[in-house]
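For ligands, and for the atoms within them, numbers begin at 1 and follow the listed sequence.
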Amino acid sequence: MSLEALTLSPATHAQGTVQLPGSKSISNRALLLAAITSGTTTLTGVLDSDDTRVMLESLHKMGVSAQKVAETTYRIQGGVPFSPSRADLFLGNAGTAVRSLTAALALMGGEFTLSGIPRMHERPIGDLVDALRAAGAQIDYLGNDGYPPLRIRSPQLNISQPIRVKGSVSSQFLTALLMAAPIATQQCQQDLVIEVEGTLISQPYIAITLDMMARFGVQVEHDANWQRFVVSKSARYQSPETLHVEGDASSASYFLALGTIAGGPIRIEGVGALSVQGDVQFANVMQQMGAEVQFEPNAMVVRGKKVAAGEKLRAFDMDFNLIPDAAMTAAAIAIYADGPCTLRNIASWRVKETDRIDAMQNELRQIGAQVESGPDWLRVYPIAPEQWRSARIHTYDDHRMAMCLSLAVFGGVPQTILDPNCVSKTFPHYFSVFNELVQ
Ligand SMILES: O=C(O)C1=C[C@@H](OP(=O)(O)O)[C@@H](O)[C@H](O)C1
Ligand SMILES: C=C(OP(=O)(O)O)C(=O)O
């Protein structure tokens with residue numbers, strides 16, 4: 001059943017406990033790594049959402065057995081090359097699936113097409129394709145140059161020279177090359193050197209990639225500046241046998257923010273001080289805005305202000321390059337601050353599920369905020385009590401627009417979220433969890 005609009009009543013307080021769904025970034029990395037690793041791997045805590053579903057469906061099409069053995073547990077029988085080695089894959093709008101499968105399949109050999117929803121065909125992949133072509137991959141653009149859909153044919157691998165990849169548009173290109181590299185080093189019996197050209201954005205996601213590869217037995221050497229990575233010719237993925245996927249730190253941001261603006265306490269289970277995800281740093285942003293956060297190894301407890309009673313959060317002016325996804329949550333609750341809040345270095349927002357800088361500006365304006373923006377920045381002014389407006393909030397088929405703008409219900413007026421089911425990309429049950437916490 002598709003629900004076209006969800007009206008949320010004005011609220012004053014939120015408290016309770018949340019069990020987070022599994023991390024999207026870790027789930028899709030773990031699924032792919034288990035699929036290209038010989039033997040059986042059991043993954044627990046796997047996210048069940050659109051982005052992981054398209055990954056699983058694609059693996060099934062390529063003959064990988066990924067059996068669901070319990071609610072969030074999959075048993076995967078892996079090994080390369082895949083058989084059948086021909087398939088047409090539909091990957092929705094899952095950046096983590098399109099980019100990582102492109103690299104793995106382009107180095108593995110076979111005939112594949114990769115496509116997605118129309119927005120996916122507007123999300124860049126040219127820097128990754130250029131890097132793979134330099135290593136001998138055969139990739140054609142089936143639509144516009146630089147964008148999916150793609151056709152992949154068997155490569156003539158040559159990795160004797162370092163492969164250079166730009167890091168300024170998406171870190172997922174480097175992630176994709178790193179995870180696929182052992183396929184090429186094994187075939188060529190040579191080390192593979194990857195050099196990042198220019199700036200690398202979203203760097204904590206590379207830390208997740210290296211951590212996951214290490215859990216599958218491959219240690220990648222890199223320099224202190226994260227510009228040069230070496231995957232050894234002796235690198236071989238080995239199944240960790242079982243691997244637990246921790247909770248999603250970007251999904252945690254909505255509840256960290258909720259505790260910050262609506263009192264709490266809110267206990268968030270699934271990620272904490274031991275997390276490998278950069279987005280867990282969003283808890284520090286909430287502390288800077290006035291929340292108290294207690295960290296446990298795998299949980300966080302947040303207590304904060306009561307913005308509905310007139311309390312204010314501390315305004316910020318920050319660089320959000322390291323946590324682009326959780327940054328959206330900070331933009332949404334800037335409306336409750338004691339001054340204008342500036343988010344800097346967020347150019348990547350423009351090439352994600354939608355142009356998130358424009359989308360955020362449009363929708364925050366609808367509810368009464370003054371907003372300014374530039375190519376890579378956004379400034380949000382707090383909404384004064386008399387300026388609040390009830391709005392029909394557009395979500396642009398962007399799960400994060402729907403989730404972070406649900407936090408706009410503490411201004412004394414109801415808000416309607418259009419197409420709320422777009423949260424299914426990463427958090428299908430978001431609104432029922434949200435409604436349990438909010439009064
Ligand atoms: O590697 C990953 O799992 C991700 C990297 C980030 O993308 P960019 O590197 O394009 O910023 C992030 O926004 C995305 O949701 C997930
Ligand atoms: C940018 C995102 O997704 P993707 O993995 O499709 O890049 C996101 O989840 O915010």
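- In terms of protein heavy-atom proximity, atom 9 (O) of ligand 1 is nearest to S171 OG, 2.6 Å.
- The ligand atoms of ligand 1 that sit less than 4.0 angstrom from a heavy atom of S170 are 8 (P), 9 (O), 10 (O).
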Item to complete: Begin with the C-alpha distance, continue with both residues' side-chain angles, and end with the deciding distance and a verdict on side-chain contact (heavy atoms from CB on, under 4.5 Å) for M300 and V271.
Response: CA-CA 7 Å; M300 293 178 282; V271 283; 3.7 Å; yes
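- Residue-level proximity to ligand 2 for A94 is carried by the backbone, the only part with a heavy atom below 4.0 angstrom.
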Discussion item. Show, in sequence, the C-alpha distance, side-chain angles and deciding distance for E269 and V18, and conclude whether the side-chain contact (heavy atoms from CB on, under 4.5 Å) test is met.
Written reply: CA-CA 6 Å; E269 296 183 343; V18 184; over 6 Å; no
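- Across the listed options M328, R400, Q172, R400 owns the non-hydrogen atom lying nearest to atom 10 (O) of ligand 2.
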Worksheet item: Which is it for R119 and D398 under the salt bridge (Lys or Arg N to Asp or Glu O under 4.0 Å) test, yes or no, and what are the steps along the way?
Response: CA-CA 10 Å; R119 175 61 183 172; D398 182 350; over 6 Å; no
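- Among K352, M120, R123, E353, the residue whose heavy atom lies nearest to atom 7 (O) of ligand 2 is R123.
- From the protein, the heavy atom lying nearest to atom 7 (O) of ligand 1 is Q172 NE2, 3.3 Å.
- If you check which protein heavy atom lies closest to atom 2 (C) of ligand 1, you get Y205 CD2, 3.3 Å.
- For the pairing with L107, the side chain to side chain contact (heavy atoms under 4.5 Å, CB included) check across L132, I152, T102 returns one residue only, L132.
- Heavy-atom proximity to S25, at under 4.0 Å, picks out these atoms of ligand 1: 2 (C), 3 (O), 16 (C).
- Looking at K425, its side chain does come within 3.5 Å of a backbone N or O of N93 through a donor-acceptor pair.
- The side chain of D325, and not its backbone, has at least one atom closer than 4.0 Å to an atom of ligand 2 (non-hydrogen atoms only; side chain from C-beta on).
- Near S202, the atoms of ligand 1 lying under 4.0 angstrom from a non-hydrogen atom of the residue are 8 (P), 9 (O), 11 (O).
- When side chains are defined from C-beta on, V245 does not count as touching L47, because their heavy atoms never get closer than 4.5 Å.
- A distance-only check finds no donor-acceptor pair linking the side chain of S424 to the backbone of D50 [under 3.5 Å].
- With hydrogens and angles ignored, the 3.5 Å screen pairs a side-chain donor or acceptor of R29 with a backbone N or O of S25.
- Close N/O approach between K425 and ligand 2 is found [any backbone or side-chain N/O within under 3.5 Å].
- Close contacts of ligand 1 with D325, meaning ligand atoms under 4.0 Å from a residue heavy atom, involve 12 (C), 13 (O), 14 (C), 15 (O).
- At a threshold of 4.5 Å between non-hydrogen side-chain atoms, the residues K352 and D325 count as touching.
- Among protein heavy atoms, atom 5 (O) of ligand 2 sits closest to K24 NZ, 2.8 Å.
- In this structure, R29 is part of the shell of residues with a heavy atom less than 4.0 angstrom from ligand 1.
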